[in-house]
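The structure appears below as C-alpha cells.
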Amino acid sequence: MGKRLYIEDLKKHIGEKVELKGWVYNKRGSKKIKFLILRDGTGLLQCVYFQGECEEESFGLFEELAQESSVTVVGTVREEPRSPGGVELSAETLKIIAPAVDYPITPKEHGTDFLMANRHLWLRSKRQHAALRVRAELAAAIRDFFDGRGFTLTDAPIFTPSACEGTSTLFETKYFDEKAYLSQSGQLYMEATAAAFGKVYCFGPTFRAEKSKTRRHLIEFWMVEPEVAFADLYDNMELAEEFVEYIVQRTLKNRAEELKTLERDTTKLELIKAPFPRLHYREAVDIIKKENPEFVNGNDFGGGDETIISSKFEKPVFVHHFPTAIKAFYMKQDEKEPEYTMSCDLLATEGYGEIIGGGQREESVEVLEKKISEHKLSKSDFEWYLDVRRYGTFPHAGFGLGLERTVAWVCGLKHVRESIPFPRLYGRNYP
Ligand code: 4AD
Ligand code: MG
C-alpha cells in the first residue's frame, strides 16, 4: 500500500509509491500495455500498466473497466514532462470500487439540452471542471480582496418584503401568511450596515424572474455588493477597477492550467489593469449611434449596444451618469445635471457586456420619499431604509458584480449557464 494522495500533489512525490482513488476518465491499450486515465477531482493522471510488471489480476480487469467506474490505483510516480500534470504513474494494482454502467456522457458530441438535463454528470467533464475551478478561485479572490481592505462581511437576507431593482422581475413567495420576495440585490441592507460598519459587503445568491433566454441571464445568480460610507461615484469607480484588476490577475496566476484547458486567450486578460476608461452616458450614446442609428437617446443599452462600446477598448469600460428616467429609485441625481444619475456600469471586454452596476445613493429622506412614490413603491415597506437617512445621513456609494458573468468572461464561455454548478434558467429548474 502506498500513501493516499491527490493527483495535483504528485509532482512533489516523484519516485514514491502512492495510492490514488478516483474515477475512470478513459482507457486504451494493447495486449501488453494498458493505459488508464484517472480523474480524482484535482486533475487527470495517466496510469501505465505493463503486463508482467503489474499485478496480473489488475491487468485482466481492463476488459470490464467502464468510463466513470470508481477505482483505487497503486503505483510509483514518474516524471513525464509531456503530460499535463508533469507526471505519470507506473501502476501496479487496480481495484474497482464500484462499476458505472452505460455512463451517458461519452466523448462524442452531445446537444445542449441533453447536457443541461445531465448537468449533475456533465460537471465531471474537463471543460466544466475547469470553469468551475475558475469560479471557485474568483469567489475566493472576491472575499480576500474585501477582507484584506477592512470591509466587514454583513450578509443580506434572501426573503425580503420589498423590491430593490424594480417590480417587474420580482420572485414572489409566501412568508407564512404574508407575501415575500426573493432578494434581487442586498444593496439596501448594505446601506444600513455601512452606517454601522463603514465599509461592508455581502456575497450571495440573488434572484430575478427574467423571462428571457439570453446568454447573459440567469434566474438565480451570485452577486458581491460592497458599500462604502462617505464615498462618492468617483471613489466607487476607483474601488471597482482596483477590485476587478485584483480578481482577474490573481485568477490568471492561480488557475493558469484551467484557463489552458478552456483554451482562453489569456493575453487579453493580462491587459486588465486599472485605471479603466470612463464614458459619460452621452459619450457612450455617440459611439453607439455611429453603428446603431436606431438607438434612442435616453434608453438603456441592449446587449448589442454594450458590445459596440466595449469593442472600442482593450480594458473594461465604465459608463456613468445614466439617465434618471431609466434608473432605480435609490440613485442619486447629479446636482449639476439632474436628468442624469451618479450611476456607473462596468462593461467587460470582448463583448461580455455589463458585469458591474452601481453608483452613489440618494441620501436625502425627502427626495427618497418622493422617488418611492414616483416609482409606485409602498412607502411603508421602506420605512427602515428611510431611517438610515433620518439618523445621521451620509453620502455613500457601492456596486454589485455578478459572479457568473465574470466567470463567463474570464473563462471565455459563450453562455453563463456553464459558469455555475447548477444553473437556474428560464424554463429549467432541473436537476
Ligand atoms: O445592475 P444590477 O441590477 O445592480 C444591482 O442589483 C445593484 N443593486 C447592485 C448594487 O449597487 N449593490 O446588477 C448587478 C450585476 C450586473 O452588472 C450583472 O453582472 C449581474 O449583477 N446580473 C446578472 N447576472 C446574471 N443573470 C442576471 N439575470 C443578472 N442580473 C444582474
Ligand atoms: Mg445593471
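Every number for a ligand or one of its atoms is a count from 1 in the order of the listing. Along the sequence shown, residues are numbered consecutively beginning with 1.
- Proximity of Met223 to ligand 1, defined as any heavy-atom pair under 4.0 Å, is confined to the side chain (atoms from C-beta onward).
- Under the 3.5 Å distance criterion, with hydrogens and angles disregarded, a donor-acceptor pair is assigned to the side chains of Ser380 and Ser378.
- Taking distance alone, with nitrogen or oxygen atoms compared against 3.5 Å, Ile355 approaches ligand 1 more closely than that limit.
- Close approach of ligand 1 to Gly358 (heavy-atom distance below 4.0 Å) involves ligand atoms 11 (O).
- Tested against Glu306 for a salt bridge (charged side-chain N to carboxylate O under 4.0 Å, His left out), the candidates Arg216, Lys312, Arg405 yield a single pass: Arg216.
- Donor-acceptor pairing under 3.5 Å is recorded for the side chains of Tyr385 and Glu191.
- Contacts between Ile356 and ligand 1, counted as non-hydrogen atom pairs separated by less than 4.0 Å, involve the backbone only.
- Side-chain contact, Glu137 with Asn254: a donor N or O sits under 3.5 Å from an acceptor N or O.
- Looking only at atom types and distance, the side chain of Tyr201 has a donor-acceptor partner in the side chain of Asp147 under 3.5 Å away.
- Atom 17 (O) of ligand 1 has Glu354 OE2, 2.6 Å as its closest protein atom, hydrogens excluded (heavy atom only).
- For the residue pair Thr206/Trp222, the side-chain donor-acceptor check at 3.5 Å is not satisfied.
- Side-chain contact check for Leu279 versus Ile309: some heavy-atom pair is nearer than 4.5 Å.
- If you check each of Arg361, Glu227, Glu225, Met190 against atom 11 (O) of ligand 1, the one with the closest non-hydrogen atom is Arg361.
- Across the listed options Phe221, Phe207, Tyr201, Tyr426, Phe221 owns the non-hydrogen atom lying nearest to atom 29 (C) of ligand 1.
- For ligand 1, the atoms sitting less than 4.0 Å from at least one non-hydrogen atom of Tyr330 are 7 (C), 8 (N), numbered in the order shown with element in parentheses.
- Taking a cutoff of 4.0 Å between a charged side-chain nitrogen and a carboxylate oxygen, Lys11 and Glu8 do not qualify as a salt bridge.
- Taking each of Lys327, Arg208, Gln360 in turn, the one with a heavy atom nearest to atom 13 (O) of ligand 1 proves to be Arg208.
- In summary, the atoms of ligand 1 found under 4.0 Å from a heavy atom of Gly357, numbered by their order in the structure, are 1 (O), 9 (C), 10 (C), 11 (O), 17 (O).
- When hydrogens are left out, the protein atom nearest atom 18 (C) of ligand 1 is Arg405 NH1, 3.6 Å; that is the closest non-hydrogen contact.
- Of the N or O atoms in Glu210, one or more lie within a sub-3.5 Å distance of an N or O in ligand 1.
- A salt bridge between Lys315 and Glu245 is absent, with no side-chain N of the basic residue lying under 4.0 Å from a carboxylate O of the acidic one.
- For the residue pair Thr341 / Lys327, no side-chain donor-acceptor distance below 3.5 Å is found, with atom types taken as modelled.
- Side-chain contact annotation: Tyr330 with Gln187, donor-acceptor N/O pair under 3.5 Å present.
- Relative to atom 25 (C) of ligand 1, the option among Glu404, Arg424, Arg216 with the closest non-hydrogen atom is Arg216.
- For atom 26 (N) of ligand 1, the closest non-hydrogen atom of the protein is Leu218 N, 2.9 Å.
- For Glu354, the nearest N, O or S atom to the Mg ion (ligand 2) falls under 2.8 Å.
- Some N or O of Gly402 is nearer than 3.5 Å to an N or O of ligand 1, by distance alone.
- Only the side chain of Glu165 comes within 4.0 Å of ligand 1, counting heavy atoms alone; its backbone N, CA, C and O stay farther away.
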